[in-house]
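The structure appears below as structure tokens.
All chains are named by letter (A, B, ...) in the order of the sequence lines, taking the proteins before the strands, and each is independently numbered beginning at 1. Computed from a prediction, not measured in an experiment: that's the story for all the values here.
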Amino acid sequence: MEVDREFKIVTLGEGRVGKTSLAMRYVRGQFNEKEQSTTNANFLEKNIRINETSIKLNIWDTAGQERFRALAPNYYREAKGALLVYDITDKESFWKVVSWVEELKMQADKDISFVIAGNKCDLELDRQIPKEQAIAYAKQIGAAHYSTSAKSGMGVNECFEEIAKLILDKESRSGSPIRSSKARSRVIVKNQEEVVKKKKSGGCC
Amino acid sequence: MADSQAILDRAVAGRNIVRLKKICIDEGLKTNENRQKVWPLLLKIYDSTNFMSNWSTGEIKCKDSDIIGLDVNRSLFGLDLTDAYTEEERIAKRVDLSNIINAVFKFKPEFHYSQGFHSLCTTFLLVGDQDLGFKMSYQCAQLFVRDSLRKSFDEALVPSLMLFYTLLRKLDKELADKIEGYYRFEDELSVPMFCLSWVIAWLGHDIKEYSKVCRVYDFFLSTHSLAPLYFAVNIVLSQKEIVMETNEIHELHHRCEEIVDSLDIDKICTQSYNLMKKYPPRELIKEGTKPIPKDSPAVLYNNEIEEVFRHDKADEVKTIGLGLVLAAFSTLAIIYSD
């Protein structure tokens with residue numbers, strides 16, 4: 001398959017919030033309760049199409065334990081998009097997302113696009129982070145927020161595709177090579193309610 | 001086989017550690033029973049009944065209990081042996097594993113749990129039982145993998161990982177250029193991350209066959225804490241074509257993940273040992289770009305592997321000596337017969 005664009009995406013977040021499960025669900029359509037912990041990083045790729053543009057997503061799924069954080073720059077370097085994952089049943093994991101955003105703003109590519117995923121939404125009863133709070137935070141930093149469940153599949157495709165769209169969007173505005181400058185306008189977002197209206201100069205949606 | 005088993009048993013009975021190490025390096029221990037006898041000796045547990053005998057009494061908790069719990073709950077999968085477990089067996093083993101890991105950090109509060117260490121403890125549990133599994137894990141943390149259990153990887157693990165490049169460059173500049181090219185960003189060389197889990201978890205996270213994992217441990221436990229690096233260098237050397245064909249860093253990671261399962265482990269062990277003899281760890285660490293702390297196992301335990309090298313040399317001398325004596329006899333015989 002011929003690919004028009006290739007984007008590097010990195011998943012970040014505290015240990016066992018479900019980064020690997022989200023990536024595996026997205027790329028392989030599988031969910032494994034028994035997903036082993038990640039030591040280092042997994043690499044996955046997926047070809048998608050957003051309107052006329054065929055895109056290859058190179059996804060680096062990183063280890064979440066704090067001590068691996070020192071190695072993370074090697075993975076987010078040159079990444080165009082970051083999926084920041086927290087577990088809705090674990091307050092601390094949300095604050096970890098906040099600290100990742102701070103780090104990425106300082107250290108990563110200045111055009112990096114963020115999408116925040118509140119994972120494990122199948123465990124709604126144990127929720128510790130109010131959805132409104134997470135959405136408000138996402139809005140504040142110009143990111144999209146998705147409620148996801150790697151287990152049920154909810155919101156998984158959408159959050160990854162949103163990253164691809166955001167990257168395409170940014171490229172089209174900055175004049176980088178891209179096939180269809182209208183790509184974004186024709187994208188169908190399935191769970192619109194989850195998408196925070198982004199404050200971006202010239203952004204649509 | 002019977003002969004080599006008899007030699008091994010004699011070496012165990014006589015506590016001939018150097019001989020045992022040579023067996024581990026050259027052919028591996030083959031069976032779980034052998035490993036239960038030999039690994040404790042390699043880990044300096046000479047009297048396993050009295051060593052840390054009260055470790056399992058009282059509450060077994062530590063500062064890292066939360067994350068350990070989460071890792072344990074998704075462990076005991078991924079090996080042929082553990083994949084065959086029933087759910088009950090798996091749950092029972094997880095209780096053992098949790099106790100083992102928590103106890104290591106309870107009794108070694110200065111160490112910090114690192115994801116990947118649970119993989120090492122899993123292997124020790126599978127080879128022994130909970131008691132021996134703890135004792136071996138505890139000693140392994142102290143004698144071999146301490147550098148990945150420090151507060152930060154930057155203290156010692158990063159400097160030792162950089163030696164991968166130093167070593168590879170001595171053997172194959174083209175391959176070293178290729179791999180360094182993937183990890184050089186704006187003139188700064190970062191660690192070779194494709195082999196990080198090989199070094200931290202001794203390939204237990206990567207190889208699917210339990211017997212192969214154990215074979216790797218036979219080698220690592222009988223040599224030196226930097227053995228995983230020598231091993232990693234030999235893996236890429238043996239797969240040079242594949243590595244040279246890659247164009248992107250993610251391809252390198254991907255291919256390296258794929259190749260570990262089909263490696264000829266015996267061969268890599270032999271090659272790695274020969275490489276250690278040629279470029280001993282003691283000399284290699286002197287060439288590092290970043291200093292390695294003095295209390296690193298990489299610095300502390302060089303005498304032990306060098307003793308094995310000397311034993312090899314003595315064997316060679318004996319062989320040559322015997323050859324010379326035989327040659328002299330046959331010459332005399334020829335002279336007399338004339």
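- At a 4.5 Å heavy-atom cutoff, the contact between B:Leu149 and chain A is made by backbone atoms alone.
- Heavy atoms of A:Phe68 lying under 4.5 Å from chain B belong to its backbone as well as its side chain.
- Neither the backbone nor the side chain of A:Glu66 comes within less than 4.5 Å of any heavy atom of chain B.
- At least one side-chain heavy atom of B:Phe153 sits under 4.5 Å from a side-chain heavy atom of A:Leu71.
- Under the rule for a side chain to side chain contact (heavy atoms under 4.5 Å, CB included), the partners of B:Glu180 that lie at least two apart in sequence or sit in another chain are B:Tyr165, B:Arg169, B:Arg184, B:Leu189.
- Of the two parts of A:Asn74, the backbone and the side chain both hold a non-hydrogen atom closer than 4.5 Å to a non-hydrogen atom of chain B.
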Without placing hydrogens or testing angles, list every side-chain donor-acceptor pair under 3.5 Å for residues 192-202 of chain B, not counting sequence neighbours.
| unit_1 | atom_1 | unit_2 | atom_2 | d |
| --- | --- | --- | --- | --- |
| B:Ser197 | OG | B:Asp206 | OD1 | 3.1 |
| B:Ser197 | OG | B:Asp206 | OD2 | 3.2 |

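- The choice from A:Arg67, A:Glu14, A:Arg16 that makes the most heavy-atom pairs within less than 4.5 Å of chain B is A:Arg67.
- Using a 4.5 Å cut-off on side-chain heavy atoms (C-beta onward), B:Phe185 and A:Pro73 make no contact.
- Heavy-atom neighbours of chain A within the stretch residues 249-259 of chain B, taken at a separation under 4.5 angstrom, comprise B:Ile249, B:His250, B:His253, B:His254, B:Glu257.
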Below 3.5 Å, can you tabulate the donor-acceptor pairs from side chains in residues 101-108 of chain A to any protein atom, sequence neighbours excluded?
| unit_1 | atom_1 | unit_2 | atom_2 | d |
| --- | --- | --- | --- | --- |
| A:Glu103 | OE1 | A:Arg69 | NE | 3.0 |
| A:Glu103 | OE1 | A:Arg69 | NH2 | 3.2 |
| A:Glu103 | OE2 | A:Tyr76 | OH | 2.6 |

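- Residue A:Ser37 forms a side chain to side chain donor-acceptor pair (under 3.5 Å) with just one option from B:Gln115, B:Arg74, B:His118, B:His205, and that option is B:His118.
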